[in-house]
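Small disclaimer: the values here were computed from a predicted structure and weren't measured. So that the names make sense, note that chain A is the first sequence line, chain B the second, and so on, each numbered from 1.
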Amino acid sequence: MSKNLVIVESPAKAKTIEGYLGKDFKVVSSYGHVRDLPKGDKAIDIANGFRPTYEVTADKKEVIKNLRKLAKEAETIYLASDDDREGEAISWHLKEALKLKDDFTKRIVFREITKSAIQKALENPRNIDEDLVYAQQARRILDRLVGYELSPVLWKKIKRGLSAGRVQSVAVRLVVEREREVEQFNVQSFFKISAIFDIDGKELKAELPKRFDTEAEAQAFLESCKGADFTIESLDKKPGKRSPAAPFTTSTLQQEASRKLSFSVAQTMTVAQRLYEAGKISYMRTDSVNLSDEAMNGAKNEISAAYGSEYSHPRKFKTKSQSAQEAHEAIRPTDFSAHTAGKDYNEKRLYELIWKRTIASQMADAELEKTTVSIGISTSNERLVATGEVIVFEGFLKVYIESTDDEDNGDEAKGMLPPLSIGQSLNLDNIKARQGFTRPPARYTEASLVKKLEEMGIGRPSTYAPTISTIQKREYVIKENREGNDRQYTELILKNDNIESHSLTEVTGAEKSKLFPTNIAMVVNDFLVDHFPNVIDYSFTANVEEEFDQIAQGSQHWDVMIQNFYGKFHQTVEETEQIDRREVGASRELGTDPETGKPVIARLGKFGPLVQIGE
DNA sequence: CAGTGAGCGAGCTTCCGCTTGACTT
């Protein structure tokens with residue numbers, strides 16, 4: 001019989017911690033939240049200060065039964081759920097559901113799963129922070145009120161089965177508005193000049209920093225270069241450096257796995273979960289970029305052993321996110337000496353990504369030498385510019401290069417320049433003026449939408465993947481590939497004092513695994529923007545988060561905060577009753593019925609699209 | 001008389017955040 005019972009949220013964590021503690025401790029898991037508001041409308045007593053009724057969730061009945069039995073046998077119970085708002089609420093719900101007595105119940109917190117951190121936590125127990133629990137309650141009740149009052153409005157006025165909520169509706173709004181930006185984008189053509197010089201058989205590529213708006217201007221520039229002398233006017237060498245990115249959080253892992261491994265966000269989480277359960281990586285739902293001292297040491301030792309100590313550079317990263325709660329470490333390998341881990345191909349690839357990213361974050365900067373060459377044109381005041389980049393010391397680039405969202409490779413890999421000197425006269429091979437086109441903002445991928453949501457402080461690491469699934473399941477958004485269209489462009493080439501014009505073809509607008517809004521998403525979004533601009537506002541979450549913080553600090557009552565929001569919100573919900581559902585959404589006249597002469601109208605009915613004759 | 005369709009009523013849909021594992025495809 002163990003004297004002490006420790007309850008954490010995750011079973012894998014429980015197993016690890018039990019290994020750190022002696023046989024006087026039994027460590028078990030609650031499997032996350034154990035109680036929640038029931039589904040019906042009895043969950044919140046709106047008339048009585050929004051008093052909530054909680055129930056043990058169906059899938060947690062068995063868990064609570066077991067925990068109750070273990071709690072009875074223990075002398076002291078340590079509630080060790082995560083050190084954040086939700087974790088505090090879990091501890092409180094456990095205390096209530098297990099009917100734990102204050103005298104035997106202690107609340108402990110730690111933000112890394114290391115022996116020293118756990119022991120320190122056990123030496124510094126505290127009580128449950130009631131204000132923090134109230135803040136969570138406010139969050140939960142607000143989400144329920146918004147979701148369960150808004151969704152039925154959509155059923156009545158648009159279509160059954162639809163949903164709306166603080167997080168998902170903003171996600172849909174982003175996709176809808178981006179699509180409209182793309183549709184309305186005004187494509188502009190321009191001409192970009194690049195020159196190639198022959199330096200003793202080696203190529204030197206230079207570009208004109210300015211672009212021409214018209215073919216005539218580009219043509220005129222090329223004309224002016226006929227017979228010109230090209231001379232190096234200046235050579236500017238500057239040292240530069242690049243620093244590694246921070247270790248992975250949930251959202252950055254999802255982004256990199258999407259770009260480098262083509263994983264969906266859900267797939268990334270499933271594979272990471274398996275690595276976590278196998279003890280290969282730390283917890284995968286986190287917003288923290290922090291590494292424990294123990295991890296930093298492990299990385300340092302591994303880097304020194306594998307690459308040499310000059311490659312080691314321990315660093316602590318700070319989160320840029322306002323909304324981060326940082327209850328865990330960053331996502332990292334548990335054992336840095338394991339360069340590979342995982343049972344199948346995908347696990348191995350994801351682990352390798354995590355290993356490299358974490359190791360790189362603790363490595364030295366890469367040192368570069370950047371050279372800028374300015375090339376004068378005897379017949380013009382314009383100057384061509386060539387740039388080169390030489391890596392003097394690889395540093396972290398030895399193991400990891402972060403990718404970017406830009407599909408446009410932009411400037412090609414800058415390499416080493418051939419030996420050059422000031423005053424040197426250059427031998428022109430050709431100058432090209434290539435027509436280019438401005439591009440609309442990129443449509444979202446699953447991962448870039450997650451990134452955007454995180455930047456706006458909307459959603460949490462545990463909900464990013466489910467949110468992305470929900471908006472697809474509701475058919476607000478579809479992920480798909482689209483084929484591009486052919487587009488003509490013009491290229492002018494000056495070679496041997498002769499200008500040739502070519503008309504060429506490129507593919508434009510091709511999309512791969514991008515998020516597109518459906519018609520229903522447009523209708524729902526416009527309806528919500530029209531009638532509930534406050535709730536669907538991009539800063540709504542940030543605003544209510546500020547109030548949750550005040551509740552957590554004890555400077556605001558949770559029920560007052562909810563009342564302030566709900567009064568006006570509920571009134572708006574009632575006002576929508578008056579709206580004629582035919583006014584909402586995309587009804588369209590198709591023509592007139594030849595028999596009756598009545599108009600034929602396509603519109604959205606309760607069960608989907610329909611066509612009707614007459615009003 | 002069989003089949004169609006209007007009209008009615010009952011029951012259902014839905015949120016976010018914390019965890020896995022039990023399901024099906």
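Using a 4.5 Å cut-off on side-chain heavy atoms (C-beta onward), I113(A) and S282(A) make no contact.
In this entry the distance linking CG of L154(A) with C1' of dT13(B) reads 11 Å, nearest Å. We find that CD1 of I158(A) is positioned 14 Å from C1' of dT14(B), with the value rounded to whole Å. The distance from atom CD1 of I562(A) to atom P of dC15(B) is 18 Å, rounded to the nearest whole Å. Across the protein-nucleic acid pair, Q137(A) atom CD and dC18(B) atom P stand 16 Å apart, rounded to whole Å. For K473(A) and dT24(B), the NZ to P distance is 17 Å, given to the nearest whole Å. Across the protein-nucleic acid pair, L142(A) atom CG and dT14(B) atom P stand 20 Å apart, rounded to whole Å. As rounded to whole Å, 8 Å separates atom P of dC18(B) from atom CD1 of I90(A). Rounded to an integer number of Å, the gap from R166(A) CZ to dT14(B) P is 19 Å.
Using a 4.0 Å cut-off, no side-chain N or O of Q136(A) falls inside it from OP1 or OP2 of dG17(B). Taking only side-chain nitrogens and oxygens, S10(A) never comes nearer than 4.0 Å to OP1 or OP2 of dT19(B). Regarding contacts with the backbone of dT20(B), a side-chain N or O of R285(A) is found under 4.0 angstrom from either OP1 or OP2. Side-chain N/O atoms of Y283(A) include one lying less than 4.0 angstrom from OP1 or OP2 on dT19(B). Phosphate proximity of dG17(B) to T463(A): present, with a side-chain N or O under 4.0 Å from OP1 or OP2.
Ring pair H328(A)/Y283(A) is tilted by interplanar angle, where 30° to 60° counts as tilted. Classification of the F527(A)-H531(A) ring pair by plane angle, with boundaries at 30° and 60°, yields tilted.
Taking the centre and axis of the six-membered ring of Y538(A), the NZ or CZ atom of R173(A) falls inside the cone set by 45° and 6.0 Å. By the 6.0 Å and 45° rule, R144(A) stacks over the aromatic ring of Y148(A). For R35(A) and W92(A), the positive end sits near the middle of the six-membered ring, less than 6.0 Å away and at most 45° from its axis.
In the interface, the side chain of R139(A) is paired with the base of dC16(B) through a donor and an acceptor atom under 3.5 Å apart.
If G161(A) and E277(A) are placed on DNA chain B by their nearest nucleotide, the residue sitting closer to the 5' end is G161(A). The nearest heavy atom of DNA chain B to K39(A) and to H328(A) marks one nucleotide each, and the one closer to the 5' end goes with K39(A).
For R160(A), counting side-chain heavy atoms from C-beta on, the closest listed nucleotide (dC16(B), dT13(B), dT19(B)) is dT13(B). The D143(A) side chain lies nearest to dC16(B) when the options are dC18(B), dC15(B), dC16(B). Nearest to the side-chain atoms of S462(A) among the listed nucleotides dC16(B), dT14(B), dT19(B) stands dT19(B). In this structure, the nucleotide among dC16(B), dT13(B), dG17(B) sitting nearest to the side chain of R140(A) is dC16(B). Here the side chain of Q168(A) is nearest to one of dC15(B), dT20(B), dG17(B), namely dC15(B). The side chain of E9(A) lies closest to dC18(B) when the candidates are dC16(B), dT14(B), dC18(B).
No contact: Y464(A) has no heavy atom under 4.0 Å from any strand. Nucleic acid contact for G32(A): base, since at least one base atom lies under 4.0 Å from a heavy atom of the residue. Residue contacts for A89(A): at a heavy-atom cut-off of 4.0 Å it reaches no nucleic acid atom on any strand shown. At a threshold of 4.0 angstrom between heavy atoms, the contacts of G459(A) are confined to the sugar-phosphate backbone, with no base atom among them. Using a 4.0 Å heavy-atom distance criterion, P11(A) is classed as a sugar-phosphate-only contact. Within 4.0 Å (heavy atoms only), E149(A) reaches no atom of the nucleic acid at all. If you check every strand for non-hydrogen atoms under 4.0 Å, R274(A) touches nothing. Counting any heavy atom pair closer than 4.0 Å across all strands shown, V146(A) reaches no nucleic acid atom. If you check every strand for non-hydrogen atoms under 4.0 Å, L162(A) touches sugar and phosphate atoms only. Using a 4.0 Å heavy-atom criterion, one finds that D59(A) contacts no nucleic acid atom at all.
Here W155(A) counts as stacked on dT13(B): its ring centre is under 5.5 angstrom from the base ring centre and the planes meet at under 30°.
With values rounded to the nearest 0.5 angstrom, R140(A) atom CZ is found 9.0 Å from E86(A) atom CD.
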